[in-house]
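Just below is one structure, and these are the notes that go with it.
Labels below follow one simple rule: chain letters A, B, ... track the order of the sequence lines, proteins then strands, and each chain is numbered from 1.
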2 protein chains.
Amino acid sequence: MADSVNIRDVAAMAGVSVATVSRTLKNPDLVRPETRETVLRCVAELGFVPNAQARHFRRQATDTVILLVRDISNPFYLDVFKGVEDVASSAGYKVLMGDARSDPARVHHYIDMVRERHADGLILMTGSMPVELADAGLPPMVVALEYLPTRKLPTVLIDNEGAGAKATQHLLDLGHTAIAHISGPVPEVMSVARVAGWRKALAEAGIPPDERLTVRGDFSLASGEAAVDELFARGLPFSAIFAANDEMAVGAINRLRARGASVPGDISVVGFDDTIFAVACNPPLTTVRQPQREIGVEVMRLMIERLEGRLAPDATVVMPTELILRSSTTVAKPDARMAAGQR
Amino acid sequence: MADSVNIRDVAAMAGVSVATVSRTLKNPDLVRPETRETVLRCVAELGFVPNAQARHFRRQATDTVILLVRDISNPFYLDVFKGVEDVASSAGYKVLMGDARSDPARVHHYIDMVRERHADGLILMTGSMPVELADAGLPPMVVALEYLPTRKLPTVLIDNEGAGAKATQHLLDLGHTAIAHISGPVPEVMSVARVAGWRKALAEAGIPPDERLTVRGDFSLASGEAAVDELFARGLPFSAIFAANDEMAVGAINRLRARGASVPGDISVVGFDDTIFAVACNPPLTTVRQPQREIGVEVMRLMIERLEGRLAPDATVVMPTELILRSSTTVAKPDARMAAGQR
DNA sequence: TTGAAAGCGCTAACAG
DNA sequence: CTGTTAGCGCTTTCAA
């Protein structure tokens, strides 16, 4: 760095004390206008940039929060990040984004970073937390979109079960009765809730949910493809699929087509999230939209309140979801249900 | 935070000086084993976590770098991030990811963050830099994938012109002669180079490049769709498209199909980047792969060398690209070239 | 309205 | 091998 100009250099040049320089920069009204002007001129002339590190150290705060996501490869988190970043930067915070890679050890690592005061707080968007930490004195944390059963923490949620039911209901409304589900990595809470929604909607429609029509995925494109293979291998007929996220839905569609089934002609597919995949997909994907940016906004708001000490430890915000109709779903053929055995 | 245990508390409990505690933690071999053990026991017992902030302050370093990308919505950067993060974390650095949103003012903001010592250095992956900064004393910066004409900085690059030519050549090899190009946001250097590659390959094949077959995009899906509309509006026949990134290629394919053209039956399409879009696409996209993770690894290596003062200011690393053949391209029909006027 | 001075927690000479 | 000590740059009482 070119500059090692510090507050003392400015004070010397302006012929005042360092305290006055500090005040000029932080509480200008406490300083006589003429003095203030002199100081500011010296600041400009010397190109003085206050050292944030020293300031943070002195104040025992970093003005930085860490946003830890389950898997940064999922574009879903990018819009969440934008929401977090918008709120953060207008409140004077910085955001560090971390990638948990679905690994509790990495979650641990990031918690330690807060303990070491690299950051003031941690926003968790990971499905699990190291068990041994559940009871220790945790640093300021808030949770988004995940539910950590071990611990009461401020949380931003969506109604995953309701949303799963909504997706399934849409397919039922189109006349489908044999509806498969590609789930997330159960037994994680979020994934379980979406399965429950599928189950519930079917049951309420008087159709006994057949668990053999559910296949466990891991939210990756490849797992969506594999799930279709598995469904065909099981040999049960189905005319629609509800996938627990868009990437798996896209994988499923590609695999269905590769096997000669048309979408939505033979099989309707619903996704979840409304990421860019839903739009990029051919056909465009009917999906359950989560308000990603708004979720980020909300969780960062909670974080700030938490850091400023004014937040109930179990505050919970539930965000709405919305079914977005596109072209990957259509009415069921009256007769033909896709039978795996037939192909 | 529960703990405000500091090094002095540990020293007191262990009956040693703070220096000994510090050494035990940082240079254990300088401490007699028994002393070391006592100290470590006290550290554990008190749950002492060294305050990174104080440490950084004392050392005048933050062990943090900022990775600033052009647009965080592009999944391309996610794998780069992973590469950066891997190298960073094994060298004891943290990574802050910032989103420039193609806005020079935001680049400025992040440069200031380094000036204020929030971070030690800045990795730039943005197409432009505020002009007024070009000559000021800049903090440690390295550049990846972009070329900033205003300034000599250590850089990781790919050969965009060569890669553009490679993509075009592939289409030529398949017998296509009327090859359109959907470019990035020219006149940015990267985009211009890819256009130049297209032009060069055509010229070398003895086909005069027709500039009316190039349409300017902005790397977004929507701009790929719009580009196809524009090409049809211009009315020139073409049987292949080379798009300057995968997202635009996917947009183009979807639009082509919506207009009744089959891909690759009627029109072959080549993308650029090999992001997850290339795999998610139907048909899977032939594309020019950039080694994203390796680019991240390399640029973080340069950053570390730069921070440690051992790096030529104009160091340049060129990474290889590779054409990945998938199903969005095929041999040109001997007769039928897609004529816009005909549909 | 301003200045003097005491640290925030840690590291690194330097001296023993 | 260990202790003493002087700060890193800034903010914030407390006095003047």
**Prompt:** Between atom CD in A:Gln60 and atom P in C:dA6, what is the gap in whole Å?
**Reply:** 19 Å

**Nucleotide D:dT2, atom C1' - distance to CD of B:Glu34 in whole Å** = 13 Å

**Asked** Starting at CG of A:Leu25 and ending at P of D:dC10, how long is that distance when rounded to a whole Å?
**Response** 9 Å

**Asked** Does OP1 or OP2 of D:dC10 have a side-chain N or O of A:Ser22 closer than 4.0 Å?
**Response** no

**Prompt:** Using centres under 5.5 Å plus planes under 30 degrees as the test, is A:Phe57 stacked with C:dC8?
**Reply:** yes

**Nucleotide C:dG9, atom P - distance to CG of B:Asp9 in whole Å** = 9 Å

**Message:** Output the rounded distance in Å from CG (B:Asn27) to P (C:dC10).
**Reply:** 16 Å

**Item:** N or O in side chain of B:Arg55 less than 4.0 angstrom from C:dT11 OP1/OP2
**Value:** yes

**Request:** Check the distance between D:dG9's P and A:His56's NE2 and give it to me in whole angstrom.
**Result:** 16 Å

**Asked** Any chance the side chains of A:Ser220 and A:Asp218 put a donor and an acceptor closer than 3.5 Å?
**Response** yes

**Request:** Mind calculating the distance between CG (A:Leu30) and P (D:dT12) to the nearest angstrom?
**Result:** 11 Å

**Prompt:** Can you tell me how far C1' of D:dC8 sits from CD of B:Gln53, to the nearest Å?
**Reply:** 13 Å

**Fill in**
Quick note, B:Ala19 side chain, CB onward, closest among C:dG9, D:dC10, D:dG3 is D:dG3

**Prompt:** What about A:Arg23, does its side chain sit under 3.5 Å from the base of C:dG3 through a donor-acceptor pair?
**Reply:** yes

**Message:** Whether the A:Lys82 and B:Ser73 side chains hold a donor-acceptor pair (N or O, under 3.5 Å, no angle test) is what I'd like checked.
**Reply:** yes

**Prompt:** Between C:dC10, C:dT2, D:dG9, which nucleotide has the shortest distance from any of its atoms to the side chain of A:Val31?
**Reply:** C:dT2

**B:Arg32, nearest nucleotide to its side chain (from D:dG9, C:dC10, D:dT2)** = D:dT2

**Message:** Counting only side-chain nitrogens and oxygens, does B:Ser17 get under 4.0 Å of the OP1 or OP2 atom of D:dT4?
**Reply:** no

**Prompt:** What distance separates A:Ser22 OG from A:Arg55 CZ, expressed to the nearest 0.5 Å?
**Reply:** 8.5 Å

**Prompt:** Between C:dG9, D:dT2, D:dC8, which nucleotide gets closest to the side-chain atoms of B:Asn51?
**Reply:** C:dG9

**Prompt:** Is there a side-chain contact between B:Thr20 and B:Val31, using heavy atoms and a 4.5 Å cut-off?
**Reply:** yes

**Any B:Thr35 side-chain N or O less than 4.0 Å from OP1/OP2 of D:dT2** = yes

**Message:** Looking at A:Arg101 and B:Asp86, is any side-chain nitrogen of the basic one under 4.0 Å from a carboxylate oxygen of the acidic one?
**Reply:** yes

**OP1 or OP2 of D:dT12 under 4.0 Å from side-chain N/O of A:Arg59** = no

